[in-house]
Amino acid sequence: MKNLLAISLLLLSFCAFANEWVKGETRRVDVDNKKITIKHEELKSLDMPPMSMVFNVENSEILKGINPGDQIEFIAEQKGTKLFVKQIRRPQ
């Protein structure tokens, strides 16, 4: 029973990090190639320090209305060797 509880807590903590909203500033938006360059804070869920980097998006629709210089918050995930932005929103 203790093992089951420990595993459940571990999975819940992983899920919390999997949907980590991170602050950043858009540097470049490439709708045609489904890419966005973001200068971002630390991505704890991906063990990544603050930096500027290019992310992929699966659906270019999430890039509509996003321009270079915009302050954003986003959720990123790694699929294989590529990094993807899953969601983007304006800071509240």
Side-chain angles (χ1 to χ4, degrees):
M1 184 67 177
K2 288 183 182 179
N3 287 341
L4 181 59
L5 180 59
I7 291 170
S8 296
L9 290 173
L10 180 63
L11 289 174
L12 285 173
S13 66
F14 175 75
C15 290
F17 275 124
N19 288 321
E20 169 192 20
W21 286 98
V22 179
K23 293 180 181 178
E25 180 180 325
T26 305
R27 297 295 193 179
R28 184 171 183 222
V29 180
D30 186 348
V31 176
D32 294 335
N33 291 306
K34 297 181 179 179
K35 295 184 186 287
I36 183 169
T37 304
I38 303 172
K39 179 180 179 184
H40 61 79
E41 294 181 343
E42 179 183 14
L43 289 166
K44 293 176 186 172
S45 63
L46 298 174
D47 194 27
M48 185 178 299
M51 67 176 76
S52 291
M53 64 178 306
V54 178
F55 292 89
N56 297 285
V57 296
E58 290 181 340
N59 184 346
S60 61
E61 289 292 315
I62 71 168
L63 299 177
K64 286 190 175 180
I66 304 295
N67 298 301
D70 287 351
Q71 297 298 312
I72 60 168
E73 293 177 341
F74 66 101
I75 295 175
E77 71 177 356
Q78 186 167 354
K79 292 184 179 182
T81 59
K82 294 185 178 185
L83 295 170
F84 287 84
V85 170
K86 292 174 32 176
Q87 295 179 26
I88 298 175
R89 69 181 183 194
R90 303 281 180 188
Q92 299 177 0

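As the structure is a computational prediction, the values presented were derived from the model and not from experiment.
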Single-linkage hydrophobic cluster Val54~Ile75, side-chain heavy atoms < 4.5 angstrom: no
Passing option when Lys86 is tested against Val57, Asn19, Ile62 for side chain to side chain contact (heavy atoms under 4.5 Å, CB included): Asn19
Option passing side chain to side chain contact (heavy atoms under 4.5 Å, CB included) with Ser60 (candidates Val31, Val29, Asp30): Val31
Co-membership, hydrophobic cluster, residues Leu83 and Met51, 4.5 Å side-chain: yes
Distance, nearest 0.5 Å, that separates CD of Gln78 from CG of Leu46: 6.0 Å
Spacing of Thr26 atom OG1 and Ile88 atom CD1 [to the nearest 0.5 Å]: 6.5 Å
Phe74 versus Phe55, closest heavy-atom pair with distance: CE1-CZ, 4.0 Å
Gap between atom CD1 of Ile38 and atom CD of Glu25 - 0.5 Å precision: 10.5 Å
Nearest non-hydrogen partners of Lys82 and Asn56, listed with the distance: CB-ND2, 3.7 Å
Greater than 12 external heavy atoms within 6.0 Å of Asn59's CG: yes
Where Ser45 and Ala76 come nearest, the two heavy atoms and their spacing: OG-O, 4.5 Å
Step-by-step side chain to side chain contact (heavy atoms under 4.5 Å, CB included) determination, Val85 to Ile36: CA-CA 8 Å; Val85 170; Ile36 183 169; 4.1 Å; yes
Passing candidate, salt bridge (Lys or Arg N to Asp or Glu O under 4.0 Å) with Asp70, options Arg89, Arg90, Arg28, Lys39: Arg90
Residue pair Lys34, Glu58: steps toward the side chain to side chain contact (heavy atoms under 4.5 Å, CB included) verdict: CA-CA 7 Å; Lys34 297 181 179 179; Glu58 290 181 340; over 6 Å; no
Co-membership, hydrophobic cluster, residues Ile72 and Met53, 4.5 Å side-chain: yes
Qualifying residue, where the test is side chain to side chain contact (heavy atoms under 4.5 Å, CB included) with Met48 and the options are Glu41, Glu42, His40: His40
